[in-house]
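Input: a single structure, listed below in structure tokens.
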Amino acid sequence: MRTFHIIGFSLLFSAGVCYLSGQYKFTVDAKSKQGLYTCKAIVTLQFVMNWLTRVFIWLPACYYTLNNFHTLQDTAFFYGGCAGMLGMTLYNLVIAADATMAATKWWAKAYKGEVLLNQ
């Protein structure tokens with residue numbers, strides 16, 4: 001089934017990009033103008049990656065997969081998929097919410113001269 005490959009690749013790719021960019025963000029001096037803009041760019045990348053893969057790819061892929069199991073009348077996979085996908089959907093929504101909160105925190109920061117202001 002094609003959706004398994006889409007789900008697996010997209011979630012792993014997103015996790016890798018977000019992890020590596022997050023590690024790089026720890027090395028950036030966010031108190032400088034360039035560092036602040038770099039942090040904002042990283043957070044924006046993480047926000048887009050998380051929402052794209054964990055909401056806009058995940059939810060349709062779940063529906064298609066469960067619909068396929070239901071059409072084939074494969075009750076074991078259907079009920080197992082419902083349980084697994086429910087848990088994973090809750091996790092994905094928590095990650096998307098966390099990415100949103102982090103993005104709104106960083107997007108609100110402004111650089112004014114030598115002082116980093118939190119608005």
Side-chain angles (χ1 to χ4, degrees):
M1 190 177 322
R2 185 170 185 262
T3 53
F4 283 131
H5 301 304
I6 292 171
I7 289 171
F9 175 78
S10 67
L11 290 178
L12 287 172
F13 183 73
S14 173
V17 167
C18 291
Y19 176 77
L20 291 175
S21 61
Q23 294 303 310
Y24 176 68
K25 188 174 70 174
F26 289 136
T27 67
V28 175
D29 179 20
K31 293 180 181 172
S32 70
K33 185 176 184 179
Q34 183 63 37
L36 179 62
Y37 290 132
T38 301
C39 286
K40 285 183 176 187
I42 290 170
V43 168
T44 301
L45 172 70
Q46 292 173 331
F47 174 80
V48 170
M49 289 296 294
N50 278 315
W51 272 91
L52 179 67
T53 59
R54 297 184 182 276
V55 177
F56 295 114
I57 292 176
W58 170 258
L59 292 175
C62 285
Y63 172 78
Y64 177 79
T65 302
L66 291 176
N67 189 33
N68 189 33
F69 291 152
H70 186 266
T71 302
L72 297 174
Q73 296 180 346
D74 191 348
T75 57
F77 273 96
F78 178 74
Y79 290 122
C82 284
M85 289 181 185
L86 176 64
M88 206 45 207
T89 298
L90 294 174
Y91 174 77
N92 285 338
L93 292 176
V94 167
I95 296 298
D98 181 61
T100 303
M101 288 186 293
T104 55
K105 179 186 98 172
W106 278 98
W107 291 337
K109 292 184 184 225
Y111 182 81
K112 300 285 185 185
E114 297 296 319
V115 181
L116 179 64
L117 299 175
N118 289 325
Q119 296 176 343

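Along the sequence shown, residues are numbered consecutively beginning with 1. These numbers come from a predicted model, not from an experiment.
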According to a hydrophobic-cluster definition based on side-chain heavy atoms being under 4.5 Å apart (Ile, Leu, Val, Met, Phe, Trp, Tyr only), do I95 and I7 belong together? yes

Going by chain and number, the hydrophobic cluster around L20 (ILVMFWY, side chain to side chain under 4.5 Å) further includes Y19

State yes or no: do V48 and W58 share one hydrophobic cluster built from I, L, V, M, F, W and Y residues joined by side-chain heavy-atom distances below 4.5 Å, directly or via other members? yes

Go through the steps for V43 and K105 under the test side chain to side chain contact (heavy atoms under 4.5 Å, CB included), then give the verdict. CA-CA 10 Å; V43 168; K105 179 186 98 172; over 6 Å; no

Measuring from S10:OG to H5:NE2, what's the distance to the nearest 0.5 Å? 12.5 Å

Sequence-distant partners of F13, ring-ring contact (aromatic ring centres under 6.0 Å, His included), two or more places apart: F9

Share the residues that join I42 in a hydrophobic cluster, the rule being Ile, Leu, Val, Met, Phe, Trp or Tyr side chains under 4.5 Å apart at the heavy-atom level. Y24, V28

Name each donor-acceptor pair under 3.5 Å that joins a side chain in residues 64-75 to protein atoms two or more places apart or in another chain, with its distance.
from: T65; atom 1: OG1; to: T3; atom 2: OG1; distance (Å): 2.7
from: T65; atom 1: OG1; to: A61; atom 2: O; distance (Å): 2.8
from: T71; atom 1: OG1; to: N67; atom 2: O; distance (Å): 2.8

Which heavy-atom pair separates L36 from A110 by the least distance, and what is that distance? CD2-C, 3.9 Å

Is it the case that one hydrophobic cluster holds both Y91 and F4, taking links as side-chain heavy atoms less than 4.5 Å apart, direct or via other members? yes

Sequence-distant partners of L59, side chain to side chain contact (heavy atoms under 4.5 Å, CB included), two or more places apart: V55, T89

Does any pair with a residue in residues 36-54 pass side-chain hydrogen bond (donor to acceptor under 3.5 Å, both in side chains), and if so which ones, sequence neighbours excluded? S14-T53, S21-Q46, T44-W107, N50-R54, W51-T100, R54-N92

Would you tabulate the side-chain donor-acceptor contacts of residues 77-88 under 3.5 Å, counting partners in other chains and residues two or more places apart, or write 'none'?
none

Taking all non-hydrogen atoms of both residues into account, name the closest pair between F47 and A103 and its distance. CD1-CB, 4.0 Å

